[in-house]
Number of protein chains: 2
Amino acid sequence: MATGHLHRGSLIVPPSRMAEPADSSRKTAITPRREEDFPEWYQQVIRAAELAEPSEVRGCMVIRPWGYGIWENMQRQLDAMFRATGHRNAYFPLLIPLSYFAKEAEHVKGFAKECAVVTHSRLEGDADGKLMPSSALTEPLVIRPTSETIIGASYAKWVQSYRDLPILINQWANVVRWEMRPRLFLRTTEFLWQEGHTVHETEAEARAETRQMLEVYGRFVCDHLAVPVFSGEKSESERFPGAVQTLSIEAMVQDRKAIQAGTSHFLGQNFSRASGIQFQNREGKQEFGWTTSWGMSTRLVGTLVMAHGDDDGLVLPPRIAPTQVVILPITPKEETRGAVLEACDKLAKQLREIRYVDLPIEVEVDRRDVGGGVKNWEWIKKGVPLRVEIGPRDLESARVTVSRRDQSVKMKESMSMQEFVSCAPEVLDSIQRNLFERAKKFRDEYTRVIDSKQEFYDFFTPGDAAKPEIHGGFALAHWDGSREVEEQIKNDLKVTIRVIPLDDSSEPGKCIFTGKPSSRRVIWAKAY
Amino acid sequence: MATGHLHRGSLIVPPSRMAEPADSSRKTAITPRREEDFPEWYQQVIRAAELAEPSEVRGCMVIRPWGYGIWENMQRQLDAMFRATGHRNAYFPLLIPLSYFAKEAEHVKGFAKECAVVTHSRLEGDADGKLMPSSALTEPLVIRPTSETIIGASYAKWVQSYRDLPILINQWANVVRWEMRPRLFLRTTEFLWQEGHTVHETEAEARAETRQMLEVYGRFVCDHLAVPVFSGEKSESERFPGAVQTLSIEAMVQDRKAIQAGTSHFLGQNFSRASGIQFQNREGKQEFGWTTSWGMSTRLVGTLVMAHGDDDGLVLPPRIAPTQVVILPITPKEETRGAVLEACDKLAKQLREIRYVDLPIEVEVDRRDVGGGVKNWEWIKKGVPLRVEIGPRDLESARVTVSRRDQSVKMKESMSMQEFVSCAPEVLDSIQRNLFERAKKFRDEYTRVIDSKQEFYDFFTPGDAAKPEIHGGFALAHWDGSREVEEQIKNDLKVTIRVIPLDDSSEPGKCIFTGKPSSRRVIWAKAY
């Protein structure tokens, strides 16, 4: 069966993607390679794929159409999950009066150092005609770094009785947190995100919501982004400012560091007290609402790059790719050009009539008058899951040449156009699964159960380059629950507790640092 | 045929909706009525429909889920039209350095008085612990009132050669323009919009793009919002700051004022000169790009309210309604409650399997434990196109009672469930068309050809209340093209030129104010 090769067995999955042997004959798209300089490789993939670029506004980025297309897909898919769990979207002001913002003490402490502050409402020329801020505001306004306090002010008005609960609202918005060490997508002064804000009648309901949304996040990242995650609770020192409990999902990327991919916070009654969200309960008494908040951001795009990208550029899971199939006309001669383009358009039309995960397959025919090799490499770098070439020789036999982005760029398969059309959704699905399996295998390989302090320090200390033993990754180790130990480890190794697993597989033991009792292993890693 | 009544002929379309006779027996949802106090009616409809509310941040509004649902539908539908015309979305920074902003002189002059200015990047407690702005920025940042200058900075980097053109990009974003006299949706300090920004090789191409997008806007507002518009060019005094030409579509709402619903600007080379967007043309010479920009905003939601709302509340065109059909279970007795709810769910399921304008019909079953009359009025006020009641007596005969929002609240029709399911898309379509026809009839009735100054002044001067002759609306009158006349009329009557029609039906005549020659009639009106 000619298609077998494309979606079964024969994929070369290197034991470690970082250690993939260099092929000196290959035209490598990205310089440096991952193993040479991972942070620089990351920047270069983003540039080569035209995902985004730094702007001249300090810490802010420009998200280019290809990067924004990925974000739009994330938005659409997450949004459907939010709706399915009963949430609706709304929109609250960008600007927060200082007095609102200051209402929750822990909250303001956590964000005060990174707030953009609006102090004036117009510009005026000075004596030399130079533009200067003018009309000082009586109360400065903070550009939202997150919206608990401004949304709380509305909820306080909307909630009177238990009958008004729950409130289940999400907002898609931009936020600003002043960033001294920006990195595209992962840490930018302005970023795009969604923030869910809910109010509940009881603590149990709010806690259940907090967990439900973590579960939605985990499912989204695994099933749509093809990235496996560990989920659990943050330790106190990593908690959202003002929260009672912060839950998080953590992904491992290819330099074996962790990325916090989404967080869900149980806020108790802290913010409802601060904002005055009170309701008459079933016993007729006034009570403060129980609130939650949860968010995911454009940071996910960076996670995607670091999790799946290879030395040729971006690799996109089909479910999230703005274009799933790119068709590349090969037109060496002017006289066959028209017929080739026609065949390409015909194929595109057929593919668009097929559905992959409930939506028409997204196809682009690249008709640009640019050399075939250049075009091919551009799409490799952009990470499009399937590339299909059609040239003059393919016309008579109605054949196409297909390449999967999750395989070596040299692997190509010739097959009949009809065969390709009929197996396209299956191939896309196979790529999606393969990316997940590959990422999971990698993550599991670098996730270690560690039972001694020495082993722990060795694991997180770069070894001798001549002895490429495994170091770095996720360590599952016992911890006594003290903040002192966390701080010591952070100072010594830049390693932090990523999550305290929530599941019931608790396994009593002893803290590997102090010997004190521990009820469960926690997950440690270096993190972005 | 039992359904005939629902979607044919028998609609009562009053000659003037403003003059609709009061029915004293009717429970009027909105106080005051339109004819009593239109601005206050507008606020009350927005409140009753839970579209939005003022926030305590001066001039900013909170868009509630029902209002945001309308905006999301507008976004999705407009976005598809942008894609179909070759545009892609991207995202540029919220904050603009003062130096960028100041590059285009006319531009900065137009916006300087309404700019929110960020001057500090953190908060710190003063001696008394009071939070104060701290860490002053070396260069203040302006929150984008529009993005020509910040986007231009990127385009200058992206464009090198004519091969890089055209650039066809759109952005969905929030913008801030300090507003002293805010009005929900129509004029708010922060608002949501889309802004298209394109660069072209030739003047002709950029002018064609400017007109194409105006045409897209006109089509969207007519076909999706069911609001007829006049389109044309703005006079110099109403032009976008920095533009060579501003095109606009203008809608008439029920107090006969105009609302500018969308604008498309031909920017010539003004902004490319300011931002340095230069390319090597086909002759190998450096040339400045020809740019356009075009935008539509949440102002459209206000336009919708004012164009279609009635004395019972909001009236939504089906294509833009977040819920197209609401099913109201009538459950007087506990023992039949389960069966009624089941029938409602069954109907909802059947309706969701049907498509209206390519998407499943949006249905909501209102299961809340609230009185039937209260629920019914809530959905009337929210403007849902079709309300369907199912009670215990309907179960055996499998019948439903249907009400159209574009008809009197008293009109109800009983029909079989199957019949309703099969005609639902047709009925929705009929409501969509009826709303448009009604709005067009109204607009045409109050659009007058005027040939003398006296007649013009009379038309725009409120008459004797005892003589309810037509006054106000759109006046088609000759104008000599001078700014002096425009200013005089604006001072005397608060009337401005809305557009200079673009079509070829020029009809030479004489300015009704000065007697000087005029090549065509222009459209005058009071405006929001």
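Note: hydrogens, waters and symmetry copies are ignored here, and every other heavy atom, side chains too, is used. Order of the sequence lines fixes the chain letters, A, B, ..., with proteins taken first and strands second; residue numbering starts at 1 for each chain.
With a 4.5 Å cut-off on non-hydrogen atoms, B:I151 does not touch chain A at all. With a 4.5 angstrom heavy-atom cutoff, B:F111 does not touch chain A via any of its atoms. Of the atoms belonging to B:K157, it is side-chain heavy atoms, and not backbone ones, that fall under 4.5 Å from chain A. With a 4.5 angstrom heavy-atom cutoff, B:E114 touches chain A only via backbone atoms. Of the two parts of B:L94, the backbone and the side chain both hold a non-hydrogen atom closer than 4.5 Å to a non-hydrogen atom of chain A. For B:S121, the parts sitting under 4.5 Å from any heavy atom of chain A are the backbone and the side chain alike. Interface remark: B:P93 contributes backbone and side-chain atoms alike to the contact with chain A (heavy atom separation under 4.5 Å).
Of the listed residues A:T119, A:V370, A:V117, the one with more heavy-atom pairs under 4.5 angstrom with chain B than any other is A:V117. Heavy-atom pairs under 4.5 Å with chain B were tallied for A:P133, A:C60, A:G69; the largest tally goes to A:P133.
Judged purely by distance below 3.5 Å, without hydrogens or angles, the side chains of B:E139 and B:S99 pair a donor atom with an acceptor atom.
Within residues 70-77 of chain B, the residues approaching chain A closer than 4.5 Å by heavy atoms are, in numerical order, B:E72.
Ring centers of A:H197 and A:F92: at least 6.0 Å apart, outside the cut-off.
Figure legend: cation-pi geometry between B:R88 and A:W66 absent, as NZ or CZ is not positioned both under 6.0 Å from the six-membered ring centre and within 45° of its axis.
For the pair B:E53 and A:S154, the tightest heavy-atom approach, listed with the atom from each and the gap, is OE2-OG, 3.8 Å.
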